[in-house]
Every structure is written in structure tokens, then in C-alpha cells.
A.B. asks: 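Just passing along the structure, written as C-alpha cells.
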Amino acid sequence: MIKRGFAHIGVFFLFLISLLPLPLLFFFARLLYYLLYYLIGYRKKVVRGNLRQSFPEKSESEIIEIEKKFFRFLSELIFEIVKMTTISKKETLKRVTFEGLEHLEKHFKAGESVLACTGHYGNWELGTLALGLNLSAKTLVIYKPMSSKIFESWFSKIRTQYGNIFIAMRQTLRGMAAYKNEPTLLCFASDQAPTREETRYFVDFLHQPTAALLGVEKIAKSTNRPIYYFKVTVVKKGYYHVKVLPMCLNPSAMKDYEITNLHFKFLENIIKEQPQYWLWSHKRWKFKPE
């Protein structure tokens, strides 16, 4: 009961913060950066370890530079996501632009559904929110629910406020069946880490064997839905550009694990361009192949 009370207070506090303009929130983000990086040292060991393993060719000073840029971006990202509580459609469309959506619309007009891959890169949450405002078809997003029901409910309202439909990962097939008679875009953040029990395959990603979820590949090969990759670029603070890239237009012709290797390669190339915008604080490499 006490925890629920604190959670409700926390949600109300986040709502109040979201009413502030983004420039002011970015000022608070700079303060949060100093707090997280210099005072608390939030997951600094995890971030630095991940960076060292991913970029063995870089010097220690280069690693630390990327590390600091990441923590600055992470601080800004937190406030950007909070701002999504009350962000307008106009502001959303201004801050996220798209290129290549006509590829998807051709499929929708033909009555075909499409799969989309991306990673936890840039502000993937704001990008997904904006996506629902730009497409004629329904956007279905596969996600992992939060442990707190109160925060899960708050975040769900934010994510779905402009028409997107979020489907818990374990309910993917049921969610697809509910919309089987209309064209949809089914979106995956394909860099999520599986549990040990879910792990069936390791991909070579950023110089390390990396456990990979196979959901995208399984659905693509069983339905032959074309796959597009959403490449996110950070234009400047608070502004993003998403380029829709054809990744695999005939999945049923692909060999086993070929699709999984491909979407990890897309993400790896994006990360190498601007590494500070990926979620390095995530414990992505918790276990290795046995």
C-alpha cells in the first residue's frame, strides 16, 4: 500500500515536470548529468565495460569521451520521455521527421502488413510516438511490460496517446491475430536481451557473442512479411530523423539466422557512426555461450 502511494505521487510529480518547456528541462538534464556521472556514478562500470569490449581499438581517453557524451544524452533522454506525458502532436511532428515512409504505404495500399526493426538508439520512444501520426495503417509495437503496474499504466497512456497499440512480448501472436484482416506495421526493438531460458542463438555484435531474440525472424519467415529497418539519427538536441531502409523484402527465402544477423549488423553500423546514442547502461552481455 505504501509503495503504491509513493508510485502515485511519483507519477503526479512527473506530470507536473512535463508541463515545463523542453529548454528548461534540458537545463535540469545538465544538472542530472553531473549527479549521475560525477556524484552517484550510476552504472559507470557497466557503461565503461560495455564500451571497452565493443571498441577494443579505441584508447581509454576516447572511451571516456564517449562515456561522458552518453551520460549527457541519457540525462536529456529521461526528461524528453517525461515531456512526452503532455507533448502536443505539433511538437511531436516537429521533433521527429521521417524519410522513406512511402515504401511502407505501398505495402499498406496493397493490403500487406510489414515488420519494422530498430534498436534502443536515440529517443526510440518519441520516434515510435511520432510514427503513429505519420502512417495510414495501425502501428503495433512489441514491448516488455514494467514490473510496477502504476508506472506501467502511466507509461502505456503516454505511448498510446496518438493511436499506437502496444502488445506485450508474450502476447505477440495473439496481438497479430487480432489485426489479421487489416494491414499493420509490427515494430520490434530487436536489440532487447533475452533471458537465459529464451536464448537459442548468439550473434557476433560489437566484437562480442550476443544473445539474440529470434521473434522477428520467426514471424518474418512464417508470414513472409517484408522487413524494414528504422535508422534513427540525432539531428541536434531534442530533434531526430528516421530513415526507413529496406532490410529484407522476401524473408521466406532467407537461411536460418540470416535475418537476425542482418538486423544486428544494421544496428552495429549505426552505433559505430555515433556511439553515444545507444543504451550503454543496459547489462546487454550478462552471459556468454556455454
A.B. asks: Donor-acceptor pairs are to be reported for all side-chain atoms of residues 96-105 against protein atoms at under 3.5 Å, with residues two or more places apart or in another chain.
C.D. replies:
unit_1: T97; atom_1: OG1; unit_2: H241; atom_2: ND1; d: 2.8
unit_1: E99; atom_1: OE1; unit_2: H241; atom_2: NE2; d: 3.0
unit_1: E105; atom_1: OE1; unit_2: S136; atom_2: OG; d: 2.5
unit_1: E105; atom_1: OE2; unit_2: S136; atom_2: N; d: 3.1
unit_1: E105; atom_1: OE2; unit_2: S136; atom_2: OG; d: 3.4

A.B. asks: Between E76 and L74 (side chain of the first, backbone of the second, donor and acceptor by atom type, cut-off under 3.5 Å), is there such a pair?
C.D. replies: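 No: the side chain of E76 does not pair with the backbone of L74.
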
A.B. asks: Can you list every pair that meets salt bridge (charged side-chain N to carboxylate O under 4.0 Å, His left out) and has a residue in residues 114-131, with sequence neighbours left out?
C.D. replies: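 As it turns out, the salt bridge (charged side-chain N to carboxylate O under 4.0 Å, His left out) pairs with a partner in residues 114-131, which skip direct neighbours, are E125-R159.
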
A.B. asks: Is the gap between the ring centers of H107 and Y228 under 6.0 Å?
C.D. replies: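 They qualify: ring centres under 6.0 Å apart.
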
A.B. asks: Can you hop from L35 to I81 via hydrophobic side chains spaced under 4.5 Å?
C.D. replies: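 As far as the 4.5 Å side-chain criterion goes, I81 and L35 are connected within one cluster.
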
A.B. asks: Any idea which heavy atoms bring T86 and S18 closest together, and the distance?
C.D. replies: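 Scanning both residues completely, I find the closest heavy atoms to be OG1-O, 2.8 Å.
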
A.B. asks: Looking at residues at least two apart in the chain, or sitting in another chain, which of them share a side chain to side chain contact (heavy atoms under 4.5 Å, CB included) with V232?
C.D. replies: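 Side chain to side chain contact (heavy atoms under 4.5 Å, CB included) check on V232 returns T118, Y121, Y240, V242.
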
A.B. asks: If you round to the nearest 0.5 Å, how far is OG1 of T184 from CD1 of I165?
C.D. replies: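 Interatomic distance, I165 CD1 to T184 OG1, rounded to 0.5 Å: 8.5 Å.
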
A.B. asks: Do R225 and V114 come close enough that some side-chain heavy atom pair is under 4.5 Å?
C.D. replies: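 No. Closest side-chain heavy atoms not under 4.5 Å.
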
A.B. asks: Check step by step if side chain to side chain contact (heavy atoms under 4.5 Å, CB included) holds for L131 and F230.
C.D. replies: CA-CA 11 Å; L131 184 61; F230 282 37; 3.6 Å; yes

A.B. asks: Quick one: list whatever passes salt bridge (charged side-chain N to carboxylate O under 4.0 Å, His left out) with K265, sequence neighbours left out.
C.D. replies: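 Counting only residues at least two positions away or on another chain, K265 forms a salt bridge (charged side-chain N to carboxylate O under 4.0 Å, His left out) with E268.
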
A.B. asks: Evaluate the ring planes of F73 and Y277, with Trp represented by its six-membered ring, and classify them as parallel (under 30°), tilted (30 to 60°) or perpendicular (over 60°).
C.D. replies: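 Perpendicular: the ring planes of F73 and Y277 meet at over 60°.
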
A.B. asks: Sub-3.5 Å donor-acceptor pair from the side chain of S153 to the main-chain atoms of K149, do we have one?
C.D. replies: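 Side chain of S153 to backbone of K149, a donor-acceptor pair under 3.5 Å: no, none is there.
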
A.B. asks: Identify which one of T260, N261, D256 satisfies the side chain to side chain donor-acceptor pair (under 3.5 Å) criterion when paired with Y201.
C.D. replies: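 The option that passes is N261.
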
A.B. asks: Tell me, please, which residues at least two apart from K94 pass salt bridge (charged side-chain N to carboxylate O under 4.0 Å, His left out).
C.D. replies: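 Counting only residues at least two positions away or on another chain, K94 forms a salt bridge (charged side-chain N to carboxylate O under 4.0 Å, His left out) with E91.
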
A.B. asks: Crowded around R170 CZ? As in, over 12 foreign heavy atoms under 6.0 Å?
C.D. replies: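 It does not: R170 CZ has 12 such atoms or fewer within range.
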
A.B. asks: Any salt bridge between D191 and R284, counting N to O under 4.0 Å?
C.D. replies: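 Salt bridge: no.
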
A.B. asks: Side-chain contact test, heavy atoms from C-beta onward, threshold under 4.5 Å: evaluate it for E198 versus L214 and give yes or no.
C.D. replies: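 The answer is no; the side chains never approach within 4.5 Å.
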
A.B. asks: In the hydrophobic clustering (ILVMFWY, side-chain contacts below 4.5 Å, transitive), which residues join F166, or is it alone?
C.D. replies: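 Via sub-4.5 Å side-chain contacts, F166 links to V141, Y143.
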
A.B. asks: Going hydrophobic residue to hydrophobic residue with side-chain gaps under 4.5 angstrom, can you get from L22 over to V235?
C.D. replies: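 No, no single cluster joins them.
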
A.B. asks: Does K144 pair with E152 as a salt bridge, N-O distance under 4.0 Å?
C.D. replies: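 No, K144 and E152 are not salt-bridged.
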
A.B. asks: Output all residues satisfying side chain to side chain contact (heavy atoms under 4.5 Å, CB included) with A220, sequence neighbours left out; order by chain, then residue number.
C.D. replies: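 Counting only residues at least two positions away or on another chain, A220 forms a side chain to side chain contact (heavy atoms under 4.5 Å, CB included) with L115, I227, P251, I259.
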
A.B. asks: Is any side-chain heavy atom of D204 closer than 4.5 Å to one of T210?
C.D. replies: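 A side-chain contact under 4.5 Å is absent here.
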
A.B. asks: If you measure from OG1 on T172 to CG on L140, what distance do you get to the nearest 0.5 Å?
C.D. replies: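 Here the rounded value is 10.0 Å.
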
A.B. asks: Within the 4.5 Å heavy-atom criterion, are P209 and K288 side-chain neighbours or not?
C.D. replies: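 The answer is yes, as the side chains (C-beta and beyond) meet within the 4.5 Å cut-off.
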
A.B. asks: First locate atom OG of S113, then atom CD1 of I219, and finally report the distance between them rounded to the nearest 0.5 Å.
C.D. replies: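 Rounded to the nearest 0.5 Å, the OG-CD1 separation comes to 11.5 Å.
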
A.B. asks: Distance from L36 atom CG to R72 atom CZ, nearest 0.5 Å?
C.D. replies: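 Reported to 0.5 Å precision, the distance equals 13.0 Å.
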
A.B. asks: Quick one: do the N134 and Y162 side chains pair a donor with an acceptor below 3.5 Å?
C.D. replies: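 Side chains of N134 and Y162: no pair found under 3.5 Å.
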
A.B. asks: May I ask whether I270 and L245 are part of the same hydrophobic cluster, defined by side-chain heavy atoms of I, L, V, M, F, W, Y residues being less than 4.5 angstrom apart, directly or through others?
C.D. replies: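 Yes.
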
A.B. asks: Whether R95 and E80 form a salt bridge (side-chain N of Lys/Arg under 4.0 Å from carboxylate O of Asp/Glu) is what I want to check.
C.D. replies: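 Looking at R95 together with E80, the answer is no, because their closest N to O distance does not fall below 4.0 Å.
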
A.B. asks: Provide the closest heavy-atom pair for P246 versus L249 in the form atom of the first, atom of the second, distance.
C.D. replies: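 Minimum heavy-atom contact is CB-CD2, 4.3 Å.
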
A.B. asks: Could you tell me which residues satisfy salt bridge (charged side-chain N to carboxylate O under 4.0 Å, His left out) with E258, sequence neighbours excluded, listed by chain and number?
C.D. replies: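 Expected list: none.
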
A.B. asks: Assess whether side chain to side chain contact (heavy atoms under 4.5 Å, CB included) is satisfied between T199 and F287, documenting all intermediate values.
C.D. replies: CA-CA 10 Å; T199 301; F287 47 84; 3.3 Å; yes

A.B. asks: Could I get the full list of salt bridge (charged side-chain N to carboxylate O under 4.0 Å, His left out) partners for R48, not counting sequence neighbours?
C.D. replies: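 Expected list: E67.
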
A.B. asks: My understanding is that only residues two or more places apart in sequence, or in another chain, count here; which of them pass side chain to side chain contact (heavy atoms under 4.5 Å, CB included) with L173?
C.D. replies: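 Result, side chain to side chain contact (heavy atoms under 4.5 Å, CB included) vs L173: M176.
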
A.B. asks: So, do V82 and L25 sit near enough that their side-chain heavy atoms are less than 4.5 Å apart?
C.D. replies: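 Not touching, per the 4.5 Å side-chain cut-off.
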
A.B. asks: When you group the ILVMFWY residues by side-chain heavy-atom contacts below 4.5 Å and let the links chain together, are L20 and L14 in the same group?
C.D. replies: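 Same cluster: L14 reaches L20 through Ile, Leu, Val, Met, Phe, Trp or Tyr contacts under 4.5 Å.
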
A.B. asks: Report the residues that fulfil side chain to side chain contact (heavy atoms under 4.5 Å, CB included) with S222, sequence neighbours left out, ordered by chain and then residue number.
C.D. replies: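 Partners of S222 by the side chain to side chain contact (heavy atoms under 4.5 Å, CB included) criterion come out as none, since no residue qualifies.
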
A.B. asks: In Å and rounded to the nearest 0.5 Å, what is the NZ to CD1 distance from K83 to I158?
C.D. replies: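 Result: 12.0 Å between the selected atoms.
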
A.B. asks: Please report the closest heavy-atom contact between Q161 and T85, naming both atoms and the distance.
C.D. replies: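 Here Q161 and T85 meet closest at OE1-O, 4.2 Å.
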
A.B. asks: Kindly determine whether K68 and Q276 satisfy side chain to side chain contact (heavy atoms under 4.5 Å, CB included), including the steps that lead there.
C.D. replies: CA-CA 8 Å; K68 289 180 178 179; Q276 65 267 33; over 6 Å; no

A.B. asks: Any pair with a residue in residues 34-57 that passes ring pair (Phe, Tyr, Trp, His ring centres under 6.0 Å), sequence neighbours left out, goes on the list, sorted by first then second residue, please.
C.D. replies: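 Sorted pair list: Y33-Y37, Y33-Y38, Y34-Y38, Y37-F71, F55-W280.
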
A.B. asks: Check for me whether the distance between the ring centres of W278 and F205 falls short of 6.0 Å.
C.D. replies: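 Ring-ring flag for W278/F205: true, centres closer than 6.0 Å.
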
A.B. asks: Contact between T139 and C187 at the side-chain level, heavy atoms closer than 4.5 Å - yes or no?
C.D. replies: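 Answer yes - side chains close enough.
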
A.B. asks: Could you tell me whether the side chain of K89 and the main chain of L133 form a donor-acceptor pair under 3.5 Å?
C.D. replies: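 No, the answer is negative, given that no donor and acceptor are paired below the 3.5 Å cut-off.
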
A.B. asks: To the closest 0.5 Å, what do you measure between CD (E65) and NZ (K58)?
C.D. replies: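 It comes to 9.0 Å.
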
A.B. asks: Following the transitive rule for hydrophobic clusters with a side-chain heavy-atom cut-off under 4.5 Å over Ile, Leu, Val, Met, Phe, Trp and Tyr, establish whether L126 and F26 coincide in one cluster.
C.D. replies: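 Same hydrophobic cluster.
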
A.B. asks: Can you see which heavy atom on Y229 is nearest to which on H263, and at what distance?
C.D. replies: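 Closest pair (atom of Y229, atom of H263, distance): CE1-O, 3.7 Å.
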
A.B. asks: Minimum heavy-atom separation for S281 and R43, please, with both atom names.
C.D. replies: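 Looking at all heavy atoms of both residues, the closest pair is O-NH1, 2.8 Å.
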
A.B. asks: Is there side-chain contact between F188 and L186, with heavy atoms separated by less than 4.5 Å?
C.D. replies: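 A side-chain contact under 4.5 Å exists here.
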
A.B. asks: Any side-chain to backbone donor/acceptor pair from N50 onto H282? Under 3.5 Å, distance only.
C.D. replies: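 Between the backbone of H282 and the side chain of N50 there is a qualifying donor-acceptor contact (under 3.5 Å).
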
A.B. asks: So which heavy atom on S54 is nearest to which on H207, and how close?
C.D. replies: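 Of all heavy-atom pairs spanning S54 and H207, the closest is O-CD2, 3.0 Å.
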
A.B. asks: Would you indicate whether the side-chain heavy atoms of Y239 and V234 approach each other to under 4.5 Å?
C.D. replies: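 Side chain of V234 against side chain of Y239, heavy atoms only: no contact under 4.5 Å found.
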
